[in-house]
There are 2 protein chains.
Amino acid sequence: MSDARVWENEGSGKPGPVALKALSKTKAATIYEVAQRAGVSIATVSRALRGSDLVTEATRARVHAAVQELHFTPNRLGRSLAEGRHAANGIVFPDLVGPYYAEVVLGYEEAASDLGSSVLILATRRRPDAADAVVELAARVDGIVVMGNTVDDEVVRGIAASGVPVVLLARDPMPGVDTIRTRNRGTAVTLTAHLVAHGHRHVAFLGDPVGSPDVAGRYAGFAAALRAAGLPVPAPVPCDLDLAAGEAAAVALLGDRRPDAIVCANDELALGVHLAAEAAGLRVPDDLAVTGWDDVLAARFAGLTTVRQPMRELGATAARWLHQRIQERTADPAGSTDAVRRAARRRVLSTRLVVRRSCGTHPHPGGNS
Amino acid sequence: MSDARVWENEGSGKPGPVALKALSKTKAATIYEVAQRAGVSIATVSRALRGSDLVTEATRARVHAAVQELHFTPNRLGRSLAEGRHAANGIVFPDLVGPYYAEVVLGYEEAASDLGSSVLILATRRRPDAADAVVELAARVDGIVVMGNTVDDEVVRGIAASGVPVVLLARDPMPGVDTIRTRNRGTAVTLTAHLVAHGHRHVAFLGDPVGSPDVAGRYAGFAAALRAAGLPVPAPVPCDLDLAAGEAAAVALLGDRRPDAIVCANDELALGVHLAAEAAGLRVPDDLAVTGWDDVLAARFAGLTTVRQPMRELGATAARWLHQRIQERTADPAGSTDAVRRAARRRVLSTRLVVRRSCGTHPHPGGNS
DNA sequence: GTGAAAGCGCTAACAG
DNA sequence: CTGTTAGCGCTTTCAC
């Protein structure tokens, strides 16, 4: 394999004397220079570049030639300032771990990109200044998508009131703001009922409803199903949403009086419980049933019963709705003609139960592997 | 989904008839209005807001009051245009599936955010107009990170030449441009040697070196190790990097004359092979050894031997280097003082072999689970 | 300390 | 068809 050599220089060795001035950095040309070079006015350059048909083929050609020679790229700031739009929008999410957020963001980026706008991202993580960051982001976009547990409604309200279109994603609705979510409660009911049908009576819930609207919906469904079955409803066991948190929580839960089954707020947690259970000599699902949420790749390999959601569609829909709102606003900046304005949209995308081994041994309909 | 209605008010009770004009969208205030309200000039407002000490406490207070009342947020376009900087930078990646890119992007966002700049993302996927998109992105940022298999060097060169600082990530170096990567070749040598030590003689490589610099490096190491062991080096079996591709490729590979082991370019592929092997009645690792790359969560549950890379650090380093370059450029826009300019940086972050079951039964040192 | 005014680079009337 | 010119919203000298 001689072609291996191509990649050979990696890492080591001697990059050799790297060219110090390989790239001649020129200060970017402006429209004035192009105009001068082409022997026309800046207005004509602008027209030629934007494909206006009020330009002779000849002049257009001259302009393009000048553009080539000068490597001219219009300065976005100048353009945006003049146009009064950023041609960009933002998305705010708590984090980017696990496939969930990444897929949503990807779906969002795809759609937004198709609609002609760049996308700015902001991960709030646990930053104390998340609100400020979001407000700042809102100032550099034409519209913004705010996901789940990132900032308070108050912050969202402020942004919306400032005239920046907002779409809420995986988050409780607010008056006057579009909201797109996935079905949590209903699917959690189905899931929990399924566990009960397996004979599990002592079922615990792992996850913090306060920490995320999604988890809140899942817990609500969990509780409703148990209630419907005449079973006592345990309080949720709050914890983070990662593997380690699942392991830690499981260790505590699996002491005396351990549950027959644990409904986890997401797959990472469930996988953590799985691990802890095995470490404790418990077999899943015989000694302990476990369910997750998200259907991450590992769920399949762990035989985890879980829930699949249309993540990309979630992001794509948000992007499209946002785009529409931006259009509307552009058409009617003052927001005066309320009559014309569409009411806030709400949509709940359905999710699907994926039944595997971890919930119990009896095969049930409705899932796949 | 007609039953979507059921969940319409999910979670929060009764939003009731959605308020049509809940949010009074006001056209954003400008610095002029603030100035007028505060009874000062726009210059003073600007100073007060940016914390200049050439302002009386009294006037500063008046300005801030006016800002509050008007809910004023400085328009970023105006500010950026005046300052001559975007306070934003971009990152270009092929996709966002699997934890790899997501983690890199997250590490990047964290670091960039700490350094005070917003981040724009661009997923090139298989878009035919990727180059244009990247060039356009480059026009709206102060600097840009370009990952692996997204656009040609030619495009990168053009951008760099236009004066926009560039950092390459997981990609072959270019003269004059900083590059940060992870160790592929070396670790692939170790990994392959490990398989050989297990007694595997007929080892295949699954993945397309042409499609990604990372894969190319891994194949190079694979080839080198086999060569060193005096074994024949098979051509790579090109394929995409997802589960389905792995399954499909495996079906073909596992016919007659099937290999003892398959080195896969990433975990998804390896997991796909795993699945296909089991479906074909083959046991891993006894009948077929398999290795992956990335150490995704599922790898742990599948007992997959793989390689772990410092993804976040990769992104964070890129962000920091880029920031430095931007600083340098700001200090010396013309790029005249070459003497002062640092040579292009190169760094290869080390990766770690994670030995689990899938590579063979004899326990070996160097890994963990 | 504060104000007036000159841009930053571009678009979009408005005149020719 | 093309040029002139007035902004877009803000920062920043340069005077006062």
Side-chain angles (χ1 to χ4, degrees), chain A residues 26-63 66-67 70-88 136 138-142 162-164 330 333, chain B residues 26-64 66-67 70-87 136 138-142 162-164 330 333:
Chain A
T26 2
K27 194 157 148 296
T30 75
I31 198 174
Y32 287 92
E33 308 172 43
V34 176
Q36 184 164 31
R37 197 123 167 57
V40 297
S41 75
I42 61 167
T44 300
V45 174
S46 180
R47 291 193 196 97
L49 258 37
R50 337 217 42 241
S52 159
D53 48 353
L54 305 142
V55 187
T56 317
E57 258 327 305
T59 42
R60 187 189 302 284
R62 291 225 310 291
V63 169
V67 166
L70 270 44
H71 298 298
F72 172 71
T73 308
N75 176 312
R76 264 245 66 105
L77 293 172
R79 172 179 293 207
S80 285
L81 188 57
E83 285 180 336
R85 49 165 269 180
H86 299 266
E136 211 204 294
R140 41 165 76 226
V141 295
D142 298 320
S162 81
V164 176
T330 306
Chain B
T26 359
K27 194 155 148 296
T30 75
I31 198 173
Y32 285 93
E33 309 173 42
V34 175
Q36 184 164 30
R37 197 124 170 53
V40 297
S41 73
I42 60 166
T44 299
V45 173
S46 179
R47 290 192 195 100
L49 259 36
R50 341 222 35 246
S52 159
D53 48 354
L54 306 144
V55 187
T56 315
E57 256 329 304
T59 43
R60 186 187 305 283
R62 292 226 308 293
V63 169
H64 277 122
V67 166
L70 271 43
H71 297 298
F72 172 71
T73 309
N75 176 313
R76 265 246 63 106
L77 293 172
R79 173 180 291 206
S80 285
L81 187 56
E83 285 179 337
R85 50 164 260 172
H86 298 265
E136 211 204 293
R140 42 165 78 228
V141 295
D142 298 320
S162 81
V164 176
T330 305

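Please read these numbers as outputs of a predicted model, since none were measured by experiment. Hydrogens, waters and symmetry mates play no part in the numbers below; they use all other heavy atoms, side chains included.
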*Rounded to the nearest Å, what distance is computed from the CD1 atom of residue B/Ile31 to the P atom of nucleotide D/dC8?*
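Atom-to-atom, B/Ile31 to D/dC8, this comes out as 14 Å.
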Length of the line joining B/Glu33:CD and D/dG9:C1', which is rounded to integer Å:
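It is 11 Å, rounded to the nearest whole Å.
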For the backbone of B/Ala58 and the side chain of B/Thr56, can you confirm whether one donor and one acceptor N or O come within less than 3.5 Å of each other? no
To the nearest 10 degrees, the angle between the two end axes of the helix from C/dG1-D/dC16 to C/dG16-D/dC1 (five pairs per end) comes to 40°
query = What pairs of residues pass the side chain to side chain donor-acceptor pair (under 3.5 Å) test when at least one of them lies in residues 30-40 of chain B, not counting sequence neighbours?
reply =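 Side chain to side chain donor-acceptor pair (under 3.5 Å) check on residues 30-40 of chain B returns B/Arg37-B/Glu69.
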Notebook entry, point to check: Which value, rounded to the nearest 0.5 Å, describes the distance between B/Ile31 atom CD1 and B/Leu70 atom CG?
Noted result: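 It comes to 12.0 Å.
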Among residues at least two apart in sequence or on other chains, which ones pass side-chain hydrogen bond (donor to acceptor under 3.5 Å, both in side chains) with A/Ser41?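 A/Ser41: side-chain hydrogen bond (donor to acceptor under 3.5 Å, both in side chains) contacts with A/Thr44.
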Does any non-hydrogen side-chain atom of B/Leu49 lie less than 4.5 Å from one of B/His64?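 Yes, at least one pair of side-chain atoms sits under 4.5 Å.
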Are A/Pro74 and A/Arg79 packed together at the side-chain level, in the sense that at least one heavy-atom pair is separated by less than 4.5 angstrom?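 Touching, per the 4.5 Å side-chain cut-off.
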(Q) I want to confirm an ordering. Mapping A/Leu77 and B/Val40 to their closest nucleotides on DNA chain C, which one lands closer to the 5' end? (A)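 Checking each residue's closest nucleotide, the 5'-ward one belongs to B/Val40.
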What heavy-atom pair brings [X] and [Y] nearest, and what distance separates the two atoms?
{"X": "A/Thr59", "Y": "A/Val55", "result": "OG1-CG1, 3.1 Å"}
{"X": "B/Arg62", "Y": "B/Gly39", "result": "NH2-O, 3.8 Å"}
{"X": "A/Val164", "Y": "A/Ala138", "result": "CG2-O, 3.7 Å"}

Within residues 52-62 of chain B, those residues having any heavy atom closer than 4.0 Å to DNA chain D are none
At a 4.0 Å cut-off to heavy atoms of chain B, the contacted part of DNA chain C spans C/dG1 to C/dG9
Sort me out a list of protein N/O and nucleotides 13-16 of chain D N/O pairs below 3.5 Å, or just none if empty.
none

- [ ] Give B/Ser46 one of three labels, base, sugar-phosphate or nothing, depending on what nucleic acid heavy atoms sit under 4.0 Å from its own.
- [x] base
Exercise for review: Using a heavy-atom cut-off of under 4.0 Å over every strand shown, decide if B/Val45 touches base, sugar-phosphate, or nothing.
Suggested key: nothing
side-chain N/O A/Ser41 vs D/dG3 OP1/OP2, d < 4.0 Å:
yes
**Q.** side chain to side chain contact (heavy atoms under 4.5 Å, CB included) involving B/Leu77 - partner list, sequence neighbours excluded
**A.**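 Here the qualifying residues are A/Leu77, A/Ser80, A/Leu81, A/His86, B/Asn75.
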For B/Ala87, the side chain to side chain contact (heavy atoms under 4.5 Å, CB included) test, sequence neighbours excluded, returns A/Arg140, B/Arg76, B/Arg85
Numerically ordered, the residues 78-88 of chain A set in heavy-atom contact under 4.0 Å with DNA chain C is A/Gly78, A/Arg79, A/Leu81, A/Ala82, A/Glu83
Contacts of B/Arg60 meeting salt bridge (Lys or Arg N to Asp or Glu O under 4.0 Å) (sequence neighbours excluded), chain-then-number -> B/Glu57
Query raised in the report: Does a distance-only test, which skips hydrogens and angles, find a donor-acceptor pair under 3.5 Å between the side chain of B/Tyr32 and the base of D/dC8?
Result: no
Quick note, salt bridge (Lys or Arg N to Asp or Glu O under 4.0 Å) partners involving residues 45-54 of chain B, not counting sequence neighbours, are B/Arg50-B/Glu83
